[in-house]
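Here is the structure we will look at, set down as structure tokens.
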Amino acid sequence: MLSYRHSFHAGNHADVVKHIVQSLILDALKQKDKPFVYHDTHSGVGRYDLQDERSEKTGEFKQGIARIWSRDDIPTEIATYIDAIKALNNSDELRYYPGSPKVARAQIRDQDRMVLTELHPSDFPLLLQEFRGDRQVKMYQEDAFARLKASLPPKERRGVVLIDPPYELKHEYQDVVKAIKQSYQRWATGTYAIWYPVVYRETIDNMLQGLKDLNIRNILQIELGVEPDTEERGMTASGMIVINPPWKLASQMEQILPWLQHAIAPNHGHYKIEWIVPE
Ligand code: SAM
């Protein structure tokens, strides 16, 4: 049963961190002319209207992108991410927010390609409509990890896999670990960027331990919290676990995260950049 709809959450603080990290990884891949693949396992619809009733209902973007959009001290490191949002909005008004596939589409070049999977029967047609006729984008209404397995290794042998499940079910955290194990066996040199929410810290610690137990090296954790950890329900922080990150990513995030925390969660926020397993 698929009940999660990303339109309730688009542009929230978690999307901001995720899409900044994603765009920095793509920036790094573009340093070489050689083609690469962007593989998005849980794509969503690609574009979100922040004035639709779902966004209005939760107002989550007001604690996310809206807090940085009109600032005049945006760090140059996140220019590419901001440009992807500007491309969807004709004026300074923030109305549309790009999902991960649109952030990527704003960055790829003629020689690059994208693979998108989305299972939801209502969201997949919207995704299809967004990229219809785009020869660089292949879309599948298939299970995220089944399609990932079938796609690796990519013919380019360069690229990034974004893994962004809804984590509605407890087993999804360990499903990610299994998917990494399987993917890494097929393609050990790819970059894997895994998004995670902190609802219960223990769940994330277990997922990190599961990844460590795979004996994979070069794993970086990046996190932004808006509240301290709690035992109550609700997401208090979120982050990205990046396997084989670009070499500059950690130092770029050292510049970005203090600014982001100050802009988004000045009172109770925290951030972290940590090597879970060094190179
Ligand atoms: N990556 C998107 C972004 O950043 O804009 C947001 C994705 S949202 C967090 C998770 C998506 O995964 C939902 O749209 C949901 O329908 C989809 N989904 C859930 N289970 C899936 C599965 N097994 N295979 C593919 N997609 C799935």
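Hydrogens, waters and symmetry mates play no part in the numbers below; they use all other heavy atoms, side chains included. In listed order, ligands and their atoms are each counted from 1. Counting from 1, the numbers follow the sequence of the chain as shown.
Protein heavy atom closest to atom 22 (C) of ligand 1, with residue, atom name and distance, is Leu119 CD2, 3.5 Å. Protein heavy atom at the shortest distance from atom 8 (S) of ligand 1 is Tyr4 CE2, 3.4 Å.
Separation of atoms CD1 (Ile243) and CD1 (Ile219) is listed at 5.0 Å; rounding is to 0.5 Å.
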- prompt: Does the side-chain hydrogen bond (donor to acceptor under 3.5 Å, both in side chains) test come out yes or no for Glu60 and His9, once each step is laid out?
  reply: CA-CA 6 Å; Glu60 286 190 21; His9 312 291; 2.9 Å; yes

query: When you look at Asp73 and Trp259, which way does the side-chain hydrogen bond (donor to acceptor under 3.5 Å, both in side chains) test go after all the steps?
result: CA-CA 9 Å; Asp73 61 346; Trp259 178 85; 3.2 Å; yes

- request: Any chance you could lay out the side-chain hydrogen bond (donor to acceptor under 3.5 Å, both in side chains) test for Tyr4 and His6, step after step, and finish with the verdict?
  value: CA-CA 6 Å; Tyr4 180 93; His6 195 64; 2.7 Å; yes

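Interface atoms of ligand 1 facing Thr41, defined by a heavy-atom separation under 4.0 Å, are 25 (C). With ligand atoms numbered from 1 in the order given, ligand 1 contributes 3 (C), 4 (O) to contacts under 4.0 Å with heavy atoms of Lys18. When each atom of ligand 1 is checked for a heavy atom of Gly99 under 4.0 Å away, the hits are 5 (O). Below 4.0 Å from some heavy atom of Leu2 lie the following atoms of ligand 1, by number and element: 19 (C), 20 (N). Near Asp143, the atoms of ligand 1 lying under 4.0 angstrom from a non-hydrogen atom of the residue are 22 (C), 23 (N), 24 (N). Short contacts between ligand 1 and Asp164, defined as distances under 4.0 Å to a heavy atom of the residue, involve ligand atoms 1 (N), 2 (C), 3 (C), 4 (O), 6 (C), 7 (C), 8 (S), 9 (C), 10 (C). Counting the atoms of ligand 1 from 1 in the order shown, those under 4.0 Å from a heavy atom of Asp123 are 14 (O). Atoms of ligand 1 found under 4.0 Å from any heavy atom of Pro166 (numbered from 1 in listed order, with element): 10 (C), 12 (O), 19 (C).
Ring planes of Phe145 and His42: perpendicular class, angle over 60° (limits at 30 and 60°). Between Trp187 and Tyr192, the ring planes are perpendicular. Angles over 60° get that label, and only those under 30° would be called parallel.
Applying side chain to side chain contact (heavy atoms under 4.5 Å, CB included) to Tyr38 and the options Leu116, Val161, Val115 leaves one that passes, Leu116.
Here the two rings, on His19 and Tyr97, have centers that are under 6.0 Å apart. Residues Tyr167 and Tyr173 place their aromatic rings such that the two centres sit under 6.0 Å apart.
Nearest to atom 25 (C) of ligand 1 by heavy atom, out of Ser100, Gly11, Ala144, Ala146, is Ala144. With atom 14 (O) of ligand 1 as the reference point, the heavy atom nearest to it among Arg147, Glu168, Glu118 is part of Glu118. Nearest residue to atom 21 (C) of ligand 1 from Lys102, His19, His42 is His42 (criterion: closest heavy atom).
Side-chain contact annotation: Glu223 with Ser238, donor-acceptor N/O pair under 3.5 Å absent.
Contact between Glu142 and ligand 1 is present, with at least one heavy atom of the residue lying under 4.0 Å from the ligand.
Under 4.0 angstrom from ligand 1, the non-hydrogen atoms of Ser43 all belong to its backbone.
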